[in-house]
Amino acid sequence: MKRENLMLTHWQIQRDADGLAWLTLDKAGAAANALSAEVLSELAQVLDELDVRPPKGLVIRSGKAAGFIAGADIEEFTRLDSPEKGRELVARGWNLFNRLAAVGYPTLALIRGHCLGGGLELALACRYRIAVDEPGTRLGLPEVMLGIFPGWGGMKRLPEVIGAPAALDLMLTGKTVDARKARSLGLADLCAAPRVMEASARGLVLSGQAPRRAQGLQAALGAWPLKGLVAAKARKQVAAKARPEHYPAPYAIIDLWTRHGGNALAAPETIDRIMASPTARNLVRVFFLQERLKGFGKECDFKARRVHVIGAGIMGGDIAAWCALRGMTVTLQDQSLERIAPALERANKLFGRRIKDRLQARSAFDRLIPDPQGQGAAHADVVIEAIFEDAAAKQALFRALEPRLKPGAVLATNTSSLKLEDLRTALERPERLVGIHFFNPVAMMPLVEVVAAEGADPLALEQACAFVRSIDKLPLPVKSAPGFLVNAVLAPYLLEAMRCVDEGVAPATVDEAMLAFGMPMGPIELADTVGLDIALAAGKQLAGGAEAPRCLAERVGRGDLGRKSGQGFYAWAAGKPSKAAPGPVPAGLAARLVQPLIDRAQQLVADQVVADADLADAGVIFGTGFAPFTGGPLNDRKQQQR
Ligand code: NAI
């Protein structure tokens with residue numbers, strides 16, 4: 001292979017004996033490839049050089065183990081300080097990829113690992129795409145999750161290649177597909193095994209085959225008059241999930257595709273509006289907060305393989321299932337096999353939903369081992385206690401458990417409300433007990449609080465964070481304090497909502513106020529979902545002695561406990577509340593409801609229960625679903641102070 005004489009930092013280009021050019025992106029000083037301004041400008045130089053001496057074909061690939069290209073450089077996005085810069089950013093990729101799409105020689109993207117956002121837009125500008133069939137290969141245009149749009153040609157080319165309905169689905173949800181799905185959608189021409197990927201690339205790029213385009217009905221759906229119907233349907237689907245005042249980007253994507261063929265430069269005012277929107281700024285902030293959470297536990301090389309969970313109830317059962325889903329070997333202990341059986345049944349359903357391949361679903365099920373005798377405790381790297389919320393029962397359990405643990409095993413409790421300092425008095429080595437506090441429902445909630453009691457072993461805490469990452473959850477280190485972070489901020493918020501009900505505001509109106517604010521669920525429905533008895537108990541513990549709202553105490557007194565009893569603030573059937581139409585929302589209601597949550601979050605930062613305001617925002621967003629487009633409860637306050 002011959003090297004070109006270009007001076008490049010991020011790309012390498014080599015020509016082989018057949019006259020093929022192999023262009024490899026290996027962004028200097030980074031673990032993953034991102035399309036920074038510098039990377040794109042070097043690509044332009046490469047295209048200049050290839051214009052002078054055109055190759056027989058060009059294959060673009062990655063030099064990183066992490067994947068193909070993760071997307072644009074999001075750091076650069078945060079530095080845009082004028083509308084001109086936003087437009088320049090869009091023009092940079094749009095023009096360059098149009099140029100790539102127009103070259104006279106055939107081009108191919110060899111996609112192994114993640115190929116996201118700008119990375120997929122680059123691949124779409126190539127004549128052919130091969131997706132390497134590996135677990136890490138994921139293709140998608142997730143820009144919408146950052147509050148922006150795929151402006152480098154994705155909105156134009158994805159519909160052309162796979163048809164508008166599938167393309168809009170990918171762009172509006174931000175979801176990604178694996179290599180096989182990419183092949184079946186027509187996004188990839190071929191799905192190849194790693195050992196034949198280069199040979200496949202060589203064969204395809206020189207094949208002379210016509211580039212893939214949506215055909216027949218799929219093509220017609222991208223042209224008038226059907227285009228209008230497709231757009232209307234997409235708009236309706238988006239409206240069911242996101243309000244335009246909160247999330248303008250998906251609406252902009254539909255408009256840019258319908259009216260401008262995906263060319264955002266034809267609608268500069270849309271670029272300005274979206275790029276400068278607080279939503280985009282805040283969602284990018286949330287992205288970086290998420291990255292920060294992902295960094296916890298990275299420092300230690302703890303690799304958990306075996307997990308032992310004690311208590312197969314709502315939480316223990318679902319924690320065990322989740323760990324097995326994520327590849328751990330899990331033993332699940334309870335007082336009898338009968339008590340473990342319902343958890344296994346739920347796990348089976350989870351695997352069926354989440355794992356398409358039946359053999360793999362089966363092996364996840366095989367990794368989840370019922371263990372009424374608790375034999376797994378002696379072999380486990382992580383032991384999680386999730387039995388009844390009873391201090392004496394937990395202490396007795398720890399006392400019996402400790403001598404049987406492996407020396408380096410992490411010992412954790414999932415307690416919500418008991419003090420770790422009290423629970424660990426039963427241990428010979430009290431400093432080893434940490435909190436690993438999951439949220440209900442385990443499969444849905446991304447956050448896990450990792451709780452440090454006074455004097456806890458720092459290594460055990462690091463290892464707990466590493467374990468939480470290894471099962472694909474986001475660890476948030478918190479100090480041991482009533483309610484930790486998430487429940488502590490939720491309690492005053494729920495209580496305020498119920499005080500409004502005491503004052504005569506209808507529950508559905510209270511909920512509507514917070515849905516309009518951007519919460520995924522109203523506070524009254526949330527209380528019904530959690531269970532009113534639990535809400536009452538948590539309120540007593542976390543409300544600093546304030547009297548319980550009348551509407552709550554009365555319902556608990558009558559045995560109306562919410563969803564689980566079929567009646568709470570709402571009547572529940574088949575897991576759904578029946579709600580009357582909300583009345584008009586009184587002015588200032590949402591602000592009143594959210595204020596106690598903000599105040600408590602600030603207090604917890606001041607008390608160092610959570611290390612700083614950014615982490616508090618991260619915890620509240622990922623632990624409660626707090627409106628992500630706001631950037632978190634304390635973000636607003638920071639913005640107001642600016
Ligand atoms: P649960 O009542 O559904 O399950 C508890 C299970 O523990 C039962 O199956 C019981 O048979 C078993 N158990 C009791 N003593 C045992 C022992 N000595 N050995 C083995 N098994 C024993 O309780 P749930 O709701 O799952 O809560 C468990 C823990 O998780 C509690 O500490 C709770 O505070 C915490 N938690 C609960 C959340 C929730 O939403 N339910 C959320 C987060 C934490």
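Remember, it's 1-based here, ligands and their atoms both numbered in the order they're listed. The structure presented is a predicted model; accordingly, all values stated were derived computationally and were not measured. One is the number of the first residue; the rest follow in order along the sequence.
Judged by distance alone, the side chains of Ser417 and Gln541 never bring a donor and an acceptor atom under 3.5 Å apart. Defined by atom type and a distance below 3.5 Å, a donor-acceptor pair is present between the side-chain atoms of Asp599 and Gln595.
The nearest heavy-atom contact from the protein to atom 35 (C) of ligand 1 is Asn414 O, 3.3 Å. The nearest protein atom to atom 5 (C) of ligand 1, hydrogens excluded, is given as Phe388 CD2, 3.7 Å; this is a heavy-atom distance. Looking only at protein heavy atoms, the nearest one to atom 1 (P) of ligand 1 is Gly313 CA, 4.0 Å. Among all non-hydrogen protein atoms, the one lying nearest atom 33 (C) of ligand 1 is Glu389 OE1, 3.7 Å. Looking at atom 44 (C) of ligand 1, its nearest protein heavy atom turns out to be Ser416 OG, 3.0 Å.
Within the structure, the closest approach of Ala386 to ligand 1 falls below 4.0 Å when heavy atoms are considered. Ligand 1 lies nowhere less than 4.0 angstrom from a heavy atom belonging to Glu385.
Contacts between Phe439 and ligand 1 below 4.0 angstrom, taking non-hydrogen atoms only, are absent altogether. Heavy atoms from both the backbone and the side chain of Met315 come within less than 4.0 Å of ligand 1.
The residue among Ile534, Ile387, Ile384 with a heavy atom at the shortest distance from atom 18 (N) of ligand 1 is Ile387. Among Val309, Ile314, Asp334, Ile310, the residue whose heavy atom sits closest to atom 9 (O) of ligand 1 is Asp334.
Between Arg432 and Pro407, the shortest heavy-atom distance links the atoms NH2-O, 3.3 Å.
The atoms of ligand 1 that sit less than 4.0 Å from any heavy atom of Asn440 are 40 (O). The ligand atoms of ligand 1 that sit less than 4.0 angstrom from a heavy atom of Lys394 are 31 (C), 32 (O). Of all atoms in ligand 1, listed by their number and element, those nearer than 4.0 Å to a heavy atom of Arg339 are 10 (C), 11 (O). Below 4.0 Å from some heavy atom of Thr415 lie the following atoms of ligand 1, by number and element: 32 (O). In the vicinity of His437, heavy-atom distances shorter than 4.0 Å reach the ligand 1 atoms 43 (C), 44 (C).
A distance-only check finds a donor-acceptor pair linking the side chain of Trp322 to the backbone of Ile471 [under 3.5 Å]. Using a distance-only test at 3.5 Å, with no hydrogens or angles considered, no donor-acceptor pair links the side chain of Arg563 to the main chain of Asp528. A donor-acceptor pair under 3.5 Å links the side-chain atoms of Glu449 to the main chain of Leu485, judged by distance alone.
When the options Leu597, Leu447, Leu490 are evaluated for a side chain to side chain contact (heavy atoms under 4.5 Å, CB included) with Val620, the one that passes is Leu597.
Lys394 NZ to Arg424 CZ: the interatomic distance, rounded to the nearest 0.5 Å, is 16.0 Å.
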Carefully, step by step, assess Asp169 and Gln237 under the rule side chain to side chain contact (heavy atoms under 4.5 Å, CB included). CA-CA 10 Å; Asp169 182 41; Gln237 281 169 349; 5.9 Å; no
Assess the residue pair Glu421 and Ser480 against the criterion (side chain to side chain donor-acceptor pair (under 3.5 Å)); give the C-alpha distance rounded to whole Å, side-chain angles, the decisive distance to 0.1 Å, and a yes or no. CA-CA 8 Å; Glu421 286 80 355; Ser480 165; 3.0 Å; yes
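Atom 11 (O) of ligand 1 is approached by the protein to below 4.0 angstrom, counting heavy atoms only.
With contacts defined as side-chain heavy-atom distances shorter than 4.5 Å, the pair Gln333/His308 qualifies.
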